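This report concerns only the one structure given below.
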There are 2 protein chains.
Amino acid sequence: MQQTNIVMNKCDQCIVRQLSSLKALNKEEVIKLASSKTTYKIKKGEALFEEGEVTNGVFCVKDGVGKLSKLSANGKDQIVKLVKSGELLGQRSMISNEPANLTAKAIADMEVCFIPKTEIINFFNNNNQFSLNMMQSVCEDLKESENEKIALVQKTVKQRLAETLLHLHDEFGEDADKTLKVQLTREELAGIIGTATESCIRLLSDFNKLGLIELVGKKIMLKDVRALKKLADN
Amino acid sequence: MQQTNIVMNKCDQCIVRQLSSLKALNKEEVIKLASSKTTYKIKKGEALFEEGEVTNGVFCVKDGVGKLSKLSANGKDQIVKLVKSGELLGQRSMISNEPANLTAKAIADMEVCFIPKTEIINFFNNNNQFSLNMMQSVCEDLKESENEKIALVQKTVKQRLAETLLHLHDEFGEDADKTLKVQLTREELAGIIGTATESCIRLLSDFNKLGLIELVGKKIMLKDVRALKKLADN
DNA sequence: AAAATAACATGACAATTATCATCTTAATAA
DNA sequence: TTATTAAGATGATAATTGTCATGTTATTTT
């Protein structure tokens, strides 16, 4: 009894439990989860898994920020998605029964839990709400991916940079000094908007000169959100 | 009894039943499906649904070809996906409980069946294999979308055209005269690869001159698949 | 602290791609 | 059939973006 409570607390109070598909799990399922999960700490720059690897489960992001990306032939790293605490990672490969299509690396030190596939399949078979949640989460990813695909073609690099800065602001918020909380290198930022690092740097300079943003060392502060929005949309 | 058989045949023999997530349905479910579906014929150019519309169900594509696209501010139509017979349409919006994110139009005369959401939810709640199939189908779309997103950034227009021609050949096959079976206008082809119509036409001319393809009127014949593959990959 | 490396920045230039104009050919409507 | 419109084609040009070179400023490592 005592032990059960201890084990349960581990997962029950977890932010991932509260925010992800896992919120549909009942008490017993959470207890089961707590006993089957493994916790890892991933240092900034390290990989959770690489493209082509068989993961056989999903990762819960308890803390930190990760990126899902794919290396191109010419050595450029295209970032497909950023993940933050509360989210699950590796759902798609697991469901499709395929090796990872993308590489997952930590952008900020991460704390993650690994849930083996057998466990997830169990939940999936016995808890309809859980599978509906998971499905909706994949659908959300699909919608985002499609919209980004369209933006990639229909918008200029400048527009995409403005859009991405706003996104990062919305999703990750700002530090005490009002700069963006996610610390991306210019190269990573370029990898998100899909452009050359130099082009990204140049546009950041332009935005800075125009008063849209302010460059505080390597950090970025949004100064004129309205103007950025206007730039991004039109 | 007699009637049941007639009704059941309608859906049981259907290509969509055989190829899509619906293949997991059992006899009773197929009978239920047959009585709740509605059949439509959509002429080339007509829309099944438009961006922003609430669809409240999924479409089964029995025959023809459709495109999922989004109109940009500058009037260009970015094509996100082509659908052919055997596939389902509108799954994502239904699962996410959202209005359509994209517009679905017929590229070739279509015959479709509409299955109301209530019916799908029913299958979903009572048939685990069905929901797993549906989930995998969405995952497949997600993977494709992500890979196309990457290609859009990392490849040139020329590479993307080569890639798309090969894709169309693989997916839709060729007519008796060896030309591509899907009849896309140059504008639509440009909408898939994400470029200006003129650029697309120009590159087709180049490919023609290089002997990679042959332009038979408005139709396209692939002449050197190997060279096209090489062009697309590298 | 000095050296080495990585990240950031900017100029010069080249390549790619879009835009606009114009023309031809094919499809559709009158 | 002729007129009208849509689709395809091509040239000229401009705009955007990428590449290479080089310099500066931070960060790490020794």
Side-chain angles (χ1 to χ4, degrees), chain A residues 43-45 72-78 107-108 151-165 179-180 182-210 213-221 231-232 234, chain B residues 43-45 72-78 107-108 151-165 179-180 182-210 213-221 231-232 234:
Chain A
K43 285 251 166 66
K44 179 176 172 176
S72 76
N74 59 46
K76 271 186 195 163
D77 202 38
Q78 170 69 17
I107 278 186
L152 227 37
V153 173
Q154 295 186 338
K155 298 192 171 184
T156 64
V157 173
K158 194 185 288 182
Q159 289 178 306
R160 267 144 49 202
L161 176 59
E163 195 173 57
T164 300
L165 291 175
T179 60
L180 289 182
V182 253
Q183 273 270 40
L184 298 169
T185 64
R186 306 292 193 253
E187 193 178 356
E188 285 168 333
L189 191 52
I192 294 177
I193 64 179
T195 191
T197 308
E198 296 94 325
S199 299
C200 177
I201 289 174
R202 236 180 280 272
L203 286 171
L204 284 174
S205 284
D206 293 351
F207 282 11
N208 190 15
K209 277 167 200 153
L210 290 168
I213 64 173
E214 192 180 319
L215 300 176
V216 185
K218 304 192 172 184
K219 305 200 72 189
I220 299 167
M221 184 195 301
L231 211 172
N234 146 50
Chain B
K43 284 252 165 67
K44 178 176 171 178
S72 75
N74 59 47
K76 270 186 194 162
D77 203 39
Q78 170 68 17
I107 277 186
L152 226 38
V153 172
Q154 295 185 339
K155 298 193 172 184
T156 64
V157 173
K158 194 186 286 182
Q159 289 178 306
R160 268 145 49 203
L161 176 58
E163 195 172 56
T164 300
L165 291 175
T179 60
L180 289 183
V182 252
Q183 274 271 41
L184 298 169
T185 64
R186 305 293 193 251
E187 192 178 358
E188 285 168 334
L189 190 53
I192 293 176
I193 65 180
T195 191
T197 308
E198 296 95 324
S199 300
C200 177
I201 290 173
R202 237 182 280 273
L203 286 171
L204 284 173
S205 284
D206 293 351
F207 283 11
N208 189 15
K209 278 168 201 154
L210 290 168
I213 64 173
E214 194 181 318
L215 299 176
V216 185
K218 304 192 171 185
K219 304 200 75 189
I220 299 167
M221 185 194 302
L231 210 172
N234 147 52

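Since this is a predicted model, take the numbers as computed values, not measurements. Letters A, B, ... mirror the listed sequences (proteins, then strands); counts begin at 1.
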Item to check | From B:Thr197 atom OG1 to B:Arg186 atom CZ, the distance as rounded to the nearest 0.5 Å | outcome: 11.0 Å
Checklist entry - Out of curiosity, A:Leu215 CG to A:Asn208 CG, how far, rounded to the nearest 0.5 Å? => result 4.0 Å
Checklist entry - Just checking B:Thr197: base, sugar-phosphate only, or nothing, at a heavy-atom cut-off of under 4.0 Å? => result nothing
Rounded to whole Å, how long is the line connecting atom [atom1] of [X] with atom [atom2] of [N]?
X        : N      : atom1 : atom2 : answer
B:Arg186 : C:dT24 : CZ    : P     : 19 Å
A:Phe207 : C:dA9  : CZ    : P     : 14 Å
A:Ile201 : C:dA9  : CD1   : P     : 6 Å
A:Gln183 : C:dA7  : CD    : P     : 12 Å
B:Asn208 : D:dA9  : CG    : P     : 9 Å
B:Leu231 : C:dT16 : CG    : C1'   : 15 Å
A:Lys158 : D:dT16 : NZ    : C1'   : 10 Å
A:Glu187 : D:dG18 : CD    : P     : 14 Å

Next on the checklist: Using a 3.5 Å distance criterion without hydrogens, assess whether the side chain of A:Arg160 forms a donor-acceptor pair with backbone atoms of A:Ala151.
Outcome noted: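 No: the side chain of A:Arg160 does not pair with the backbone of A:Ala151.
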Minimum-distance nucleotide to [X] side chain [options: [options]]:
X        : options               : result
A:Lys76  : C:dC8, D:dT19, C:dT10 : D:dT19
B:Ser199 : D:dA9, C:dT17, D:dG18 : C:dT17
A:Thr185 : D:dT17, C:dC8, D:dC20 : C:dC8
A:Lys218 : D:dT17, C:dA9, D:dA26 : D:dA26
A:Glu198 : D:dC20, D:dT10, C:dC8 : D:dC20

Checklist entry - Closer to the 5' end of DNA chain D via nearest nucleotide, is it B:Leu204 or A:Ala196? => result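 The residue closer to the strand's 5' end, by nearest nucleotide, is B:Leu204.
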Next on the checklist: Could you report the tightest heavy-atom contact between B:Gly194 and A:Val153, atom names first, then the distance?
Outcome noted: CA-CG1, 3.4 Å
Next on the checklist: Looking at every heavy atom in both A:Lys218 and A:Gln183, which two are closest together, and how far apart are they?
Outcome noted: O-OE1, 4.5 Å
Checklist entry - Has the side chain of B:Arg160 got a donor or acceptor atom sitting under 3.5 Å from an opposite partner on the base of C:dT17? => result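 Side chain to base: no pair below 3.5 Å.
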Next on the checklist: Does A:Arg202 contact C:dG11 through a side-chain donor or acceptor facing the base, at a distance under 3.5 Å?
Outcome noted: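 In this structure, the two groups form a donor-acceptor pair.
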Checklist entry - Hey, which of these two, B:Gly194 or A:Leu184, hits DNA chain C nearer its 5' end, going by closest nucleotide? => result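 The answer here is A:Leu184.
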